[in-house]
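Down below is the structure, laid out as structure tokens.
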Amino acid sequence: MNQPLSNRILNMSTSATLAMAAKARELRGEGKDIIGLSLGEPDFNTPDFIKDAAIQAINDNYNSYTPVDGYQELKEAIITKFKRDNNLTYTLPQIVVSTGAKQCLANVAAVMLNEGDEVILPCPYWVSYSDIVKLNGGIPVEVPTTIDTDFKMTPAQLEAAITPKTKMIWFSSPCNPSGSIYSKEELESLAEVLKKHPNIYVVSDEIYEHINYTNSSHASMASVDGMFEKTITVNGVSKAFAMTGWRIGYIGAPDWIARACNKMQGQVTSGANCIAQRAVITALNADPSAVKFMIDEFKVRRDLVLDLLSDIEGFNTNVPEGAFYVFPNVSYFFGKTLKGKTINNATDFSLFLLEEALVATVTGDAFGNPDCIRISYAASQEQIKEAIQRIKEAVS
């Protein structure tokens, strides 16, 4: 019997972060006390002032289809945010609101990539980049980085990865999964390479923008001289505002790219949720200091995780500057046998931690780095302490 499913879906990987979360739920269903450090989801509640705006929208009878590219008031709030936080000047036609930043990325890939176009992905990269690129006919070109360079790609590496088929480069800063942040000077150095290649475009994923522990303000690639017309800036409210389930993301892009994304979205999902959009207007119009309490707590947790991991032989960590992950190199354990299980790679190690320590993490294989695992510290300090104590006992 012929396989009725498309090659497209058969060749697609399952999201490793969602798969690990599903495995953790399965084990919890069996009565096991699993501590989840796998999902990139703040454990805070959405701030009350945002929830109040959503309730008001319901009472004001917002219940109709929305414009495909978002309410004008929301697009105006996004324009204000880009100017206030990033010194970027966009116009209404250059903004497209989507059902989460992931749909933004899918839209961009669909409208920009043709079969065989190459997309440079500095490793580690967010887990879905590679499959979104491949789904749209593109070829991911992975550029390995190491913990010694804080998992950041150098201009020389970028230049070496470019071929006549290169169409785009996708990266996140702050980075999921490494927490690395490209400084303005580092972005300028990468831009000097890109400006020599006028047909290469950049996706700058800035969803973790506000979760920044440095003393420097966030730097956007589109703000670098000569890069505005070559850059699609992707952002949203999931992380900094603890609004993962509200599913609102957005792009600022050259108007011809934004128009294409609007056209694509009009045939796939149409406009994003009306109540969520009204709430996000309030979120983005607020001063970023309104959510600083979350960032302060994440920094405390980051320092706690690093301190506890430093006491476990075999975990080699750098100091993440943003987001809420650590990305330790665990290759020390490869080839070893722990509690009767041979650890060949990061996937084995991540599964070992789930089954033996009852702690859910994510293998670095999913992010293009087979020597590491991702640990999310979007969990309480008590859970973090207990989880890392379990890990220490399991590997000792």
query = Donor-acceptor pair, T146 side chain versus D148 backbone, under 3.5 Å?
reply = yes
key: Centroid-centroid under 6.0 Å between F151 and F327 rings   = yes
ask   = Do Q103 and T269 have side-chain N/O donor and acceptor atoms under 3.5 Å apart?
value = yes
query = Which atom names give the shortest non-hydrogen contact between A101 and I207, and what distance separates them?
reply = CB-CD1, 4.2 Å
remark   = Taken to the nearest 0.5 Å, the spacing of E393 CD from K339 NZ works out to 8.5 Å
remark   = Those residues at least two apart in sequence (or on a different chain) that pass side-chain contact (heavy atoms from CB on, under 4.5 Å) with S217 are none
Neighbour count >12 (heavy atoms, 6.0 Å) for atom CD, E159 = yes
query = Are any non-hydrogen side-chain atoms of V280 and Y71 less than 4.5 angstrom apart?
reply = no
note = Nearest heavy-atom approach of C175 to P124 is SG-O, 3.7 Å
ask   = Can S189 and E192 be counted as having a side-chain donor-acceptor contact under 3.5 angstrom?
value = no
query = Can you check whether I95 reaches I79 side chain to side chain, under 4.5 Å on heavy atoms?
reply = yes
key: Gap between atom CD1 of I375 and atom CD1 of I373 - 0.5 Å precision   = 4.0 Å
request  = Could you please spell out the steps behind the side chain to side chain contact (heavy atoms under 4.5 Å, CB included) verdict for V108 and C261?
outcome  = CA-CA 6 Å; V108 170; C261 289; 4.0 Å; yes
ask   = Do S220 and E206 have a side chain donor and acceptor closer than 3.5 Å?
value = yes
inquiry  = Can you confirm if the aromatic rings of W256 and Y201 lie within a centre distance of less than 6.0 Å?
reply    = yes
From E297 atom CD to K292 atom NZ, the distance as rounded to the nearest 0.5 Å = 12.0 Å
F82 backbone acceptor or donor facing D85 side chain under 3.5 Å = no
query = On the ring face of Y377, is R301 found with NZ or CZ under 6.0 Å from the centre and within 45° of the axis?
reply = no
inquiry  = Please determine whether salt bridge (charged side-chain N to carboxylate O under 4.0 Å, His left out) holds for the pair D48 and K51, giving the CA-CA distance in whole Å, both sets of side-chain angles, and the decisive distance to 0.1 Å.
reply    = CA-CA 5 Å; D48 286 344; K51 293 189 288 188; 3.2 Å; yes
M168 and I232, any side-chain heavy atoms less than 4.5 Å apart = yes
inquiry  = Cation-pi check for Y332 against K336: NZ or CZ below 6.0 Å from the six-membered ring centre and within 45 degrees of the axis, yes or no?
reply    = yes
key: salt bridge (charged side-chain N to carboxylate O under 4.0 Å, His left out) evaluation trace for K81 with E209   = CA-CA 12 Å; K81 173 261 176 296; E209 166 190 9; 2.9 Å; yes
query = Only one of F44, F293, Y208, Y213 forms a ring-ring contact (aromatic ring centres under 6.0 Å, His included) with F298, so which one is it?
reply = F44
inquiry  = One pair to check against salt bridge (charged side-chain N to carboxylate O under 4.0 Å, His left out): D311 and K392. What are the steps and the verdict?
reply    = CA-CA 8 Å; D311 197 37; K392 183 177 181 179; 2.6 Å; yes
query = Does the side chain of Y129 come under 3.5 Å of the side chain of D205 through a donor N or O and an acceptor N or O?
reply = yes
task = Using only heavy-atom distances, determine whether the side chains of D348 and N344 contain a donor-acceptor pair under 3.5 Å.
result = yes
query = Using the benzene-type ring in the case of Trp, are the ring centres of F333 and F315 under 6.0 Å apart?
reply = yes
query = Is it true that the side chains of K152 and T145 contain a donor and an acceptor less than 3.5 Å apart?
reply = no
ask   = Hey, are the side chains of P42 and F324 touching, using non-hydrogen atoms and a 4.5 Å cut-off?
value = yes
inquiry  = For a 4.5 angstrom cut-off between non-hydrogen side-chain atoms, does Q277 reach E73?
reply    = no
query = Just by distance, do the side chain of K230 and the backbone of H197 share a donor-acceptor pair under 3.5 Å?
reply = yes
message = Could you measure the distance from the CG atom of N262 to the OG atom of S270? Nearest 0.5 Å is fine.
response = 10.0 Å
request  = Would you name the heavy atoms of R247 and S238 that are closest together and state the gap between them?
outcome  = NH1-OG, 3.7 Å
Chi angles and distances behind the side chain to side chain contact (heavy atoms under 4.5 Å, CB included) call for I120, L158 = CA-CA 8 Å; I120 294 172; L158 173 58; 3.8 Å; yes
inquiry  = Pair K299, I211 - check side chain to side chain contact (heavy atoms under 4.5 Å, CB included), show working.
reply    = CA-CA 9 Å; K299 185 176 186 296; I211 307 176; over 6 Å; no
key: 4.5 Å side-chain heavy-atom contact, V203 and I169   = no
query = Hey, does the side chain of K167 reach the backbone of N199 with a donor-acceptor pair shorter than 3.5 angstrom?
reply = no
task = For A360 and A24, work out which heavy atoms get closest and say how close.
result = CB-CB, 4.1 Å
query = Where does the angle between the aromatic ring planes of H210 and F241 fall among parallel (under 30°), tilted (30 to 60°) and perpendicular (over 60°)?
reply = perpendicular
ask   = What is the distance from atom CG of L358 to atom CD1 of I35, rounded to the nearest 0.5 Å?
value = 8.0 Å
query = Would a 4.5 Å heavy-atom cut-off, applied to side chains only, mark L351 and K341 as touching?
reply = no
Side-chain (S172) to main-chain (N176) donor-acceptor, under 3.5 angstrom = yes
task = Verify, without hydrogens or angle tests, whether T46 (side chain) and A242 (backbone) share a donor-acceptor contact under 3.5 angstrom.
result = yes
note = Closest non-hydrogen contact found for P254 with Q94 is CA-NE2, 4.1 Å
message = Can you confirm whether the side chains of T347 and T363 place a donor and an acceptor under 3.5 Å from each other?
response = yes
key: Heavy atoms of other groups near D225 CG, more than 12 under 6.0 Å   = no
request  = Step by step, work out the side chain to side chain contact (heavy atoms under 4.5 Å, CB included) result for S223 and K184.
outcome  = CA-CA 9 Å; S223 70; K184 184 68 175 289; 3.7 Å; yes
query = Just wondering, more than 12 heavy atoms not from R8 lying within 6.0 Å of its CZ?
reply = no
task = Consider only side-chain N and O atoms of E321 and T214, and report whether a donor and an acceptor are under 3.5 Å apart.
result = no
inquiry  = With rounding to the nearest 0.5 angstrom, report the CD1 to OG1 distance, I251 to T231.
reply    = 12.0 Å
ask   = Which atoms form the tightest heavy-atom contact between V300 and Q381, and what is the distance?
value = CG1-NE2, 3.7 Å
message = Tell me whether the rings of F352 and F349 are parallel (<30°), tilted (30 to 60°) or perpendicular (>60°).
response = parallel
inquiry  = Any heavy-atom pair between the side chains of I343 and L338 that's under 4.5 Å?
reply    = yes
key: Heavy atoms from other residues, nucleotides or ligands near CD of E30 exceed 12 (cutoff 6.0 Å)   = yes
Heavy-atom donor-acceptor pair, N136 side chain to G138 backbone, under 3.5 Å = no
query = What do the steps show when you test N107 against Q265 for side chain to side chain donor-acceptor pair (under 3.5 Å), and what is the final call?
reply = CA-CA 7 Å; N107 284 344; Q265 188 163 296; 2.9 Å; yes
